[in-house]
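Convention: sequence-line order gives letters A, B, ...; per-chain numbering from 1.
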Amino acid sequence: MIDIVPVAVEEDLVRVRQKVRQWAATYALSTLKTVKMQTAASELARNILVYAGTGTVFFSAIDGPRREFQIIFEDQGPGIADIEQALQDGYTTGSGMGIGLPGTKRLVDHFEIVSAPGQGTRVIIAMRI
Amino acid sequence: MSEWAEKVIGIFSNRRDDILRMWLESQQKNGYRGMYERIGERELYRQSNDLFEAMIDAAGQVGFASVRKPEWQAVADLVAEITAQRTRTGFSVMETVTYVFALKTVLIEILRQEQPDDIGCFVAEVVTITHALDEMALIATSAYVKTREEIILRQQQEMLDLSTPVIRVWDGILVLPLIGTLDSSRSQVITETLLQEIVSSNSDIAILDISGVPLVDTLVAQHILKTMAAARLMGAECIISGIRPEIAQTIVHLGVDLSQIKTKATLAGALKWAFDMRQLTVVHNAKR
């Protein structure tokens with residue numbers, strides 16, 4: 001099963017957070033893991049809104065060595081030139097605190113980012129079930 | 001208008017009572033439970049009668065084929081009005097639009113009963129009437145959506161007003177119980193209300209209770225920090241209470257620095273701190 005939530009306006013962030021809660025409940029994730037996943041999703045979905053304008057969020061459960069609840073954030077925005085730099089605490093090109101990306105990475109079990117200028121951005125996060 | 005079109009309107013005018021009876025019956029039969037209780041039989045009759053009269057009047061002037069002409073405006077207005085009223089009473093879109101479709105079925109049935117000799121003209125008239133009533137159904141649908149949007153907008157506004165109470169718990173001590181998602185527009189309202197209240201109540205301690213905030217991401221943290229900085233500039237000391245264990249851990253992992261800020265796990269703890277600040281003591285009266 002897969003869930004898709006388009007992100008274009010601020011209200012969509014509420015839907016993203018609600019979806020995370022639904023999925024977390026389905027897989028009986030602990031309250032802490034649920035809040036962490038919700039916070040990470042909120043952070044990344046807002047990044048889509050702020051930097052790319054629109055994008056899509058995909059929810060799924062994947063079977064690997066261990067089962068994981070995975071969320072993918074995809075946009076066709078300007079992309080990130082220096083991913084290393086973007087993952088450093090305190091760095092921002094916007095008006096945020098500059099801890100969204102590195103902070104999000106610390107919240108989840110698995111974090112992956114693929115991006116290049118003009119190529120859009122794709123962030124994958126996952127939490128072990 | 002063709003001869004047939006005029007004949008059809010004549011038929012409808014003559015059989016007005018039959019049409020209204022059948023229309024109301026079909027609504028009663030196909031209507032959803034509680035529909036009558038919600039509107040009342042007399043009101044339903046009045047609405048149906050008004051709409052039917054307006055429709056025959058408009059059709060008599062320009063025919064069923066010209067629903068977009070200004071003569072039909074009165075009918076469209078009536079449909080929109082009835083729909084809006086029902087929407088506010090809590091009808092679903094199906095329940096609302098079925099009302100118009102039910103009339104279509106009745107009108108066609110009446111024509112059939114008249115046993116027309118010219119089947120070609122009969123079909124042509126049925127098509128025209130169907131088109132006219134479909135148009136009315138569309139008007140009803142958009143009126144439904146519009147009314148719902150109005151309701152949602154009003155509720156949003158109400159929630160915004162509701163969600164930012166500032167409570168004077170003691171002389172000089174304010175409490176802001178924050179509930180729900182803190183988006184940009186809400187934090188703006190919260191900051192403004194707090195600052196105003198600090199001035200008007202001459203308070204120097206503000207407790208921001210976030211027990212009801214589902215999650216604290218960097219933007220929410222930023223909003224809270226800004227609100228506190230503004231309050232501090234106005235001479236009020238701020239303290240955050242109601243940080244749940246999972247929120248605390250998330251904030252730490254996220255890397256938000258709240259070390260410069262006074263925090264307490266519970267509102268009671270924050271209140272105690274506020275009392276201490278004002279050199280107040282709560283005394284247990286043993287005599288009672």
Side-chain angles (χ1 to χ4, degrees), chain A residues 7 9-22 24-25 29-51 71 73 86-111 125 127, chain B residues 148-149 151-160 163 178-191 210-230 240 242-261 265:
Chain A
V7 173
V9 287
E10 179 133 7
E11 283 71 47
D12 294 334
L13 301 185
V14 179
R15 286 183 59 213
V16 169
R17 287 193 285 260
Q18 279 170 350
K19 267 277 176 275
V20 178
R21 198 170 55 219
Q22 278 171 21
L29 243 58
S30 70
T31 317
L32 177 60
K33 283 190 169 184
T34 308
V35 172
K36 279 180 168 180
M37 240 359 209
Q38 275 188 306
T39 310
S42 176
E43 213 63 61
L44 294 170
R46 183 170 294 107
N47 276 356
I48 291 182
L49 211 57
V50 172
Y51 296 102
I71 315 178
F73 303 80
L87 281 171
Q88 261 157 39
D89 274 317
Y91 176 81
T92 181
T93 58
S95 62
M97 299 175 99
I99 52 175
L101 271 188
T104 303
K105 193 177 172 182
R106 287 190 290 265
L107 286 176
V108 296
D109 292 331
H110 176 84
F111 182 94
I125 58 169
M127 194 68 109
Chain B
R148 284 293 280 249
E149 275 169 358
I151 293 173
I152 293 170
L153 207 68
R154 200 195 64 227
Q155 286 174 340
Q156 267 179 352
Q157 196 53 49
E158 276 173 8
M159 275 173 72
L160 207 60
S163 60
L178 303 180
I179 292 162
T181 316
L182 288 182
D183 55 24
S184 298
S185 55
R186 275 201 57 202
S187 357
Q188 188 61 36
V189 176
I190 289 166
T191 312
I210 60 166
S211 319
V213 178
L215 65 94
V216 178
D217 59 12
T218 59
L219 192 80
V220 173
Q222 209 177 10
H223 284 319
I224 293 176
L225 289 173
K226 280 181 180 166
T227 306
M228 294 182 77
I240 299 180
I243 301 180
R244 296 192 302 274
E246 60 272 14
I247 299 279
Q249 290 179 73
T250 307
I251 288 176
V252 171
H253 282 289
L254 204 52
V256 177
D257 183 17
L258 294 182
S259 60
Q260 303 302 311
I261 287 167

Roughly how far, to the nearest 0.5 Å, is [atom2] of [Y] from [atom1] of [X]?
X	Y	atom1	atom2	result
B:Gln249	A:Lys33	CD	NZ	12.5 Å
B:Gln222	B:Thr227	CD	OG1	10.5 Å
B:Ile240	B:Met228	CD1	CE	4.5 Å
A:Gln88	A:Leu101	CD	CG	11.5 Å
B:Leu215	A:Gln38	CG	CD	5.5 Å

Item to check | Residue among A:Val35, A:Leu32, A:Thr39, A:Thr31 satisfying side-chain contact (heavy atoms from CB on, under 4.5 Å) with B:Ile247 | outcome: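 With B:Ile247 as partner, side-chain contact (heavy atoms from CB on, under 4.5 Å) holds for just one option, A:Val35.
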Checklist entry - Quick one: what part of A:Arg21 sits under 4.5 Å from any heavy atom of chain B, side chain, backbone, both or neither? => result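 The answer is neither part of A:Arg21.
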Next on the checklist: Quick check on the structure: residues of residues 10-18 of chain A within a heavy-atom distance below 4.5 Å of chain B, by number.
Outcome noted: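 Those residues of residues 10-18 of chain A which have a heavy atom under 4.5 Å from chain B are A:Glu10, A:Arg17.
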Item to check | B:Val216 versus chain A, the contacting section by heavy-atom distance below 4.5 Å | outcome: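 Contact with chain A: backbone only.
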Next on the checklist: Any heavy-atom pair between the side chains of B:Leu225 and B:Leu258 that's under 4.5 Å?
Outcome noted: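 Sidechains of B:Leu225 and B:Leu258: in contact.
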